[in-house]
Amino acid sequence: MNLENYFISQFKNANIGDDGAFIDGMVYSKDAFFENIHFKTSWMSHYQIGYKAMIVNISDAIAMNAVPKYALLSVAMPKSITKAQMLDLANGFKDACAKYGVEIIGGDTISNTKLDITVTVISKSAKPLMRKGLKTGDLIAYTGNLGRSAIALKRLMNLGKINKNSKFVNIVLRDKFIYKNRRFLRVGMDISDGIFSDLQKLSGASRVGFRFFKKIQKRVGCSGEEYEILFGFDRRFKKTLLRRAKLSKTPINIIGECVRKAYKNRCKAHHF
């Protein structure tokens, strides 16, 4: 057990274990977005930082088939931040919220040595999509393309620049696909730690392993912060989902099936 999982295991609660906690028709989710951990201010504008910090939290709601409604912000800012940068940061938050109909209803601000952000999103769902529920023979798939976020990160770490449309700063969420196809999906989650690591979470929740139809390169499987959707479904719905994915212009990749064997994550832990 890695350190992250060890710490989480100290809190025994049936609501812990998904992208958010589903309680009485509401989904509560929270994520941190910290300078020098998730981003550097030399990599992104303050507008991009605010926008991405909000979008990655909205992603958790969408992955659970929840409609995000409200957000709470906690922002720790360095004393060196200018009013122009504050305005850009606020506009990033607001534009991301406006795109998905989210209202910022409060939070907290403090002085800090760097820019650290945490966001809580409160959402509604009549039928949430959880991580538990896979059965032997179910198919596993993901939306979009994987690997480009890791490429962008490597370029930034090497003091290079990335395009403004790079997935690292311009995340596309799959809300239409999830909302319109929930009834065909068995499980789902967003890909934030890399598909190999996130498959481990599905494996642990449902006690299944996976047989892949073709090899997934490690550079693709370990690419984090993709924010595509990893999902599983009954193989009887394969043709239906492929057809309906085209209607929402969502590329999907069916990568394997659930089997009765152990699954081993090939990536190093992203946390700690």
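- Within the structure, ring pair (Phe, Tyr, Trp, His ring centres under 6.0 Å) pairs that include any residue of residues 55-102 do not occur (at least two apart or interchain).
- R244 meets the side-chain hydrogen bond (donor to acceptor under 3.5 Å, both in side chains) test with N181; sequence neighbours excluded.
- With sequence neighbours left out, L153 forms a side chain to side chain contact (heavy atoms under 4.5 Å, CB included) with W43, M157, F168.
- Between F184 and F237, the ring planes lie perpendicular to each other; the angle is over 60°, past the 30° to 60° tilted range.
- The side-chain hydrogen bond (donor to acceptor under 3.5 Å, both in side chains) test applied to N145 returns no partner, not counting sequence neighbours.
- Pairs engaging residues 117-131 under the salt bridge (charged side-chain N to carboxylate O under 4.0 Å, His left out) rule: D19-R131 [sequence neighbours left out].
- Counting only residues at least two apart or on different chains, the disulfide bond (SG atoms under 2.5 Å apart) pairs with a member in residues 207-238 are C222-C267.
- For D190, the side-chain hydrogen bond (donor to acceptor under 3.5 Å, both in side chains) partners two or more places apart in sequence, or in a different chain, are S59.
- R155 pairs by the side-chain hydrogen bond (donor to acceptor under 3.5 Å, both in side chains) definition with nothing, not counting sequence neighbours.
- Salt-bridge check for R235 with E257: passed, with a basic side-chain N closer than 4.0 Å to an acidic carboxylate O.
- With sequence neighbours excluded, the residues satisfying salt bridge (Lys or Arg N to Asp or Glu O under 4.0 Å) with R236 are D234.
- Among residues at least two apart or in separate chains, salt bridge (charged side-chain N to carboxylate O under 4.0 Å, His left out) pairs with a member in residues 36-58 are K52-E225.
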Residue pair C97, M54: steps toward the side chain to side chain contact (heavy atoms under 4.5 Å, CB included) verdict: CA-CA 7 Å; C97 285; M54 184 60 67; 3.6 Å; yes
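- Applying the ring pair (Phe, Tyr, Trp, His ring centres under 6.0 Å) test to every pair with at least one member in residues 115-144, sequence neighbours left out, gives no pairs at all.
- Applying the ring pair (Phe, Tyr, Trp, His ring centres under 6.0 Å) definition to pairs two or more places apart or across chains, those involving residues 10-31 are F7-F11.
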